Amino acid sequence: KMTNLAKLDFVALDISGKNYLSWALDAEIHLEAQNLGPTIKEGNSASSQNKAKAMIFLRHHLHQGLKDEYLTVKDPLELWTGLADRFAHQKTVVLPKARYEWTHMRLQDYSSVIDYNSAMFRITSQMNLCGETVTQAMMLEKTFSTFHASNMVLQQQYRERGFTKYSDLISCLLVAEQNNELLMKNHQSRPTGSQSFPEANATFTSGHGNRRGGRHGKARNRGHRRGQSRQNGQARGGDNQQLGPRNNAKITKGNGQLIKTHKNEDNVCLRCGGKGHWARTCRTEDHLVALYKASLKKKNVETNYIDHSDPWDSSEPMDITPLDVSDFFANNGSNFDDMTSGGVLDDN
C-alpha cells in the first residue's frame, strides 16, 4: 500500500503554477472517475468520507511547498477554490502565446507533416483550454493556406476533394509524404538509364579447418565407448584416412612437456596442384582444374626464352654487332682451323 501511495496518476502541480491548466483538467477527470466530482463543486452534499478521499487525492498531487502552504485546509472545495484563485491567471499568459503561434504557424515551415500535426494539436489544445474554440474548418483553412508556393496546384486538388475533417486531410498528406520519400530513394539509388550491379559473392578457403568442436565430441565418445574401435578409419597413433594428416601431439613422460608435430604444408592437391589443402577440400574453379590436368598430359614441350631487355639501356651493355659463321673459325695458316683441332695442333 505504501508503494501505491508513492505513485502519481499525473504530474503534480508545480509550486509556480505553470502547469495549473493541465493539472486542473487531470484532477477533475480523475475525481469524476472515482465518484468524487461533487466534492469540488459549490453547494455539494458529499459525505465527510468522500471529502476526505478527495482531499487525500488532491494533496497527493501537489508540490511539497504547496502542501505546506495549505496545511490547515481540510475541505477539498476550499482547496480547489484557493488554487484556482491563485493560478487562474495562467490563462491570460498562455492564451496570447497560443494565439501568436496560431497566427504565424505555416505548413511550409515544418520539415515533415508529423511535426506540423503535433504543433497544430498542441496550439489548438491550449486555445481550447483557455476558452477559445478552434473548429475543424479553421484547421483545414490554416493548412490549405500555408502550403508552399511550388505546391499551388496540389493544394487546389486537395481543396476540391472537399475534406470536412482535419484528420482526413492529414492522413492523405502523410501517405503522400511517404510515397514521395520512396520515390526519391529509388531515383537516387543509381543514375538514370543505368542498371544495378550484379551480386558478387566472395569465398575464402583456409587450409586449417575448425577442429575444436570435433575433437571435444570425439573425446566425449571416447569416454562413453571405452574399448570400442575408433570410427572414420582413424587408428591409434595414425591419421584419419578421409580427412588426411592432422597435427598430432605427444607428451614425454620425463618432464611432462608437450611436443607438437606440425602439419606438413608441402602437401600438393591432386585436383588443382595447389599447396596447403587436399583434393576433397579444394575449391578451385573447374576451368582452372581443367587447365591443370591438361598441362599434366602434355610432356616434353619445347620452351623458348625471349629476352625483353632494352639494348640501348646503358645499365645493361650489350654487343649488338652482327655475327657470321666465319667469325667462329680462326685461320692460323694451316689446313686445320682452331675450331676443328681444338687449338692443339702446331704449324709444324
Side-chain angles (χ1 to χ4, degrees), residues 9-11 13-14 17-35 37-38 40-41 61 84 87-196:
D9 296 324
F10 49 90
V11 180
L13 177 61
D14 191 75
K18 60 182 180 181
N19 63 332
Y20 171 76
L21 296 178
S22 60
W23 177 87
L25 180 62
D26 293 335
E28 186 175 3
I29 292 175
H30 281 79
L31 289 175
E32 289 290 344
Q34 299 176 14
N35 295 325
I40 58 174
K41 295 180 180 179
H61 292 83
F87 299 117
H89 68 278
Q90 290 292 329
K91 292 184 179 180
T92 60
V93 177
V94 174
L95 183 58
K97 182 180 179 181
R99 286 175 176 173
Y100 176 83
E101 292 181 350
W102 169 263
T103 303
H104 296 85
M105 184 176 60
R106 301 188 305 176
L107 175 61
Q108 58 182 300
D109 294 334
Y110 295 88
S111 59
S112 64
V113 179
I114 296 178
D115 295 339
Y116 171 79
N117 188 39
S118 178
M120 171 66 77
F121 278 105
R122 178 180 59 82
I123 296 172
T124 55
S125 297
Q126 292 177 355
M127 296 177 66
N128 291 329
L129 192 61
C130 294
E132 186 165 339
T133 305
V134 180
T135 62
Q136 293 285 327
M138 296 171 60
M139 298 169 68
L140 289 172
E141 183 60 29
K142 169 64 71 172
T143 306
F144 288 140
S145 60
T146 57
F147 268 75
H148 195 271
S150 60
N151 298 325
M152 185 179 301
V153 178
L154 183 62
Q155 68 93 14
Q156 292 178 358
Q157 294 176 353
Y158 281 119
R159 282 182 181 273
E160 293 176 357
R161 296 187 61 175
F163 290 104
T164 58
K165 292 183 178 181
Y166 170 78
S167 59
D168 295 339
L169 173 61
I170 290 298
S171 298
C172 292
L173 293 177
L174 288 173
V175 173
E177 184 181 44
Q178 296 296 327
N179 292 334
N180 291 338
E181 291 180 359
L182 180 59
L183 181 63
M184 292 302 298
K185 289 181 180 179
N186 293 332
H187 173 71
Q188 297 174 358
S189 61
R190 60 178 184 271
T192 304
S194 62
Q195 296 181 356
S196 59

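Computed from a prediction, not measured in an experiment: that's the story for all the values here. Index from 1, following the sequence.
Using a 4.5 Å cut-off on side-chain heavy atoms (C-beta onward), Phe10 and His61 make contact. Using a 4.5 Å heavy-atom cutoff, the side chains of Cys172 and Phe163 are in contact. Contact annotation: the side chain of Ile123 approaches that of Met105 to within less than 4.5 Å [non-hydrogen atoms, C-beta and beyond]. Annotation: side chain of Trp23 is not in contact with side chain of Val11 (no heavy-atom distance under 4.5 Å).
Between Pro96 and Val93, the shortest heavy-atom contact is CD-O, 3.5 Å. When all heavy atoms of Ser111 and Glu177 are compared, the pair lying nearest together is O-OE2, 4.1 Å.
Note: Lys18 NZ to Leu13 CG = 11.0 Å, rounded to the nearest 0.5 Å. How far CD1 of Ile170 is from CE of Met120: 7.0 Å, rounded to the nearest 0.5 Å. Here the CG atom belonging to Leu169 is positioned 10.5 Å from the OG1 atom belonging to Thr164, to the nearest 0.5 angstrom. In this structure, Leu174 CG and Ser167 OG are separated by 11.0 Å, a value rounded to the nearest 0.5 Å. Note that CG of Asp26 and CG of Asn19 are 9.5 Å apart. Values are rounded to the nearest 0.5 Å.
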Full working for side chain to side chain contact (heavy atoms under 4.5 Å, CB included) between Tyr158 and Leu140
CA-CA 10 Å; Tyr158 281 119; Leu140 289 172; over 6 Å; no

Assess whether side chain to side chain contact (heavy atoms under 4.5 Å, CB included) is satisfied between Gln108 and Phe147, documenting all intermediate values.
CA-CA 6 Å; Gln108 58 182 300; Phe147 268 75; over 6 Å; no

Is there a side chain to side chain contact (heavy atoms under 4.5 Å, CB included) between Gln157 and Leu154 once you walk through the steps?
CA-CA 5 Å; Gln157 294 176 353; Leu154 183 62; 4.0 Å; yes

Pair Asp14, Tyr20 - check side chain to side chain contact (heavy atoms under 4.5 Å, CB included), show working.
CA-CA 8 Å; Asp14 191 75; Tyr20 171 76; over 6 Å; no

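Using a 4.0 Å cut-off between a side-chain N of Lys or Arg and a carboxylate O of Asp or Glu, Glu32 and Lys41 qualify as a salt bridge. The residues Lys165 and Asp168 are annotated as not salt-bridged, no charged nitrogen and carboxylate oxygen being separated by less than 4.0 angstrom.
No side-chain donor-acceptor contact under 3.5 Å links Lys142 to the backbone of Leu107. Here the side chain of Ser125 pairs no donor or acceptor atom with the backbone of Arg122 at under 3.5 angstrom. Of the possible polar contacts, none joining the Gln90 side chain to the Leu21 backbone as a donor-acceptor pair under 3.5 Å is found.
With no hydrogens or angles considered, a side-chain donor-acceptor pair links Thr143 and Tyr116 at under 3.5 Å. Between the side chains of Gln155 and Arg159, at least one donor-acceptor pair of N or O atoms lies under 3.5 Å. A side-chain N or O of Tyr166 and one of Asn117 form a donor-acceptor pair less than 3.5 Å apart.
Between His89 and Phe87, the two ring planes are tilted [angle within 30° to 60°].
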If you look only at distance, which donor and acceptor atoms sit under 3.5 Å apart when one is on a side chain in residues 128-135 and the other is two or more places apart or in another chain?
residue: Asn128; atom: OD1; partner: Val134; partner atom: N; Å: 3.1
residue: Asn128; atom: ND2; partner: Thr124; partner atom: O; Å: 3.1
residue: Glu132; atom: OE1; partner: Arg99; partner atom: NE; Å: 2.6
residue: Glu132; atom: OE1; partner: Arg99; partner atom: NH2; Å: 2.8
residue: Thr135; atom: OG1; partner: Met138; partner atom: N; Å: 3.3

Between side-chain atoms of residues 179-187 and protein atoms elsewhere (two or more places apart, or another chain), which donor-acceptor pairs fall under 3.5 Å?
residue: Asn179; atom: ND2; partner: Val175; partner atom: O; Å: 3.3
residue: Asn180; atom: ND2; partner: Ala176; partner atom: O; Å: 3.2
residue: Asn186; atom: ND2; partner: Leu182; partner atom: O; Å: 3.3

